[in-house]
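Single-structure report; data block below.
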Amino acid sequence: MFSASILLQILACALYNNWWPMLSALMYVVVPMPCMFFGGGSTSFLTSREGGGWINAAKFLTGASAVGSIAIPAILRHANMIETGAMFIEFVSFFILICTVLCFHRVSLDEDW
């Protein structure tokens, strides 16, 4: 699923001969960073209510970078830097990435694996 997301990311750029949509690929790298630095590499802290300042900062940074993944293509389309089709391909790519992360989160919570 992750590979399909990256493929759609590249297709959004290549089909329209415009590489500005690759800016949202930067957010794909930024989204897991708060989990790795503040959450100890686990995604379980995202759904818990407990935690201190660093855990809350990690939740905020994760949410802000996820919103940025949607906002970048929308802003680029509003500025007429990318085509509408490229924006929708970016949105589908992000949706597939989120499904991948949710599947990973669900599997990592199961102790049977």
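- One hydrophobic cluster, built from ILVMFWY side chains closer than 4.5 Å, cannot hold both L26 and F37; they sit in different ones.
- Rounding to the nearest 0.5 Å places CD1 of I82 at 10.5 Å from CD1 of I75.
- For the atom pair OG1 (T84) and CD1 (I89), the distance works out to 11.0 Å, reported to the nearest 0.5 Å.
- Minimum interatomic distance between A58 and P34 (heavy atoms only, all atoms of both residues): O-CB, 3.5 Å.
- Two different hydrophobic clusters hold L102 and V107 under the rule that ILVMFWY side chains link at heavy-atom gaps under 4.5 Å.
- Hydrophobic clustering, with ILVMFWY side chains joined whenever heavy atoms are under 4.5 angstrom apart, groups V92 together with L11.
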Name every donor-acceptor pair, under 3.5 Å, that has one atom in a side chain of residues 15-22 and the other anywhere in the protein, sequence neighbours excluded.
{"residue": "N18", "atom": "OD1", "partner": "W20", "partner atom": "N", "Å": "3.2"}
{"residue": "N18", "atom": "ND2", "partner": "M81", "partner atom": "O", "Å": "2.3"}

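- Among the candidates H78, E83, R77, the single residue satisfying the side chain to side chain contact (heavy atoms under 4.5 Å, CB included) test with N80 is R77.
- Note on V101 and V30: separate hydrophobic clusters, where clusters join Ile, Leu, Val, Met, Phe, Trp and Tyr whose side-chain heavy atoms are under 4.5 Å apart, directly or indirectly.
- Here the shortest heavy-atom pairing between T100 and M1 reads OG1-CB, 3.1 Å.
- Looking only at distances, no side-chain donor or acceptor of S93 sits under 3.5 Å from a matching main-chain atom of L8.
- Counting all heavy atoms, side chain and backbone alike, F94 lies closest to A66 at CZ-O, 3.6 Å.
- Under the side chain to side chain contact (heavy atoms under 4.5 Å, CB included) criterion, M27 pairs with S65, S69, I72, sequence neighbours left out.
- Distance check: S24 OG to F91 CZ gives 9.5 Å after rounding to the nearest 0.5 Å.
- Between the CE atom in M87 and the CD1 atom in I70 there is a gap of 11.5 Å [rounded to 0.5 Å].
- Scanning all heavy atoms of the two residues, the minimum distance from Q9 to Y28 falls at OE1-OH, 3.3 Å.
- Follow the hydrophobic side-chain contacts under 4.5 Å out from L76 and you reach I10 in the same cluster.
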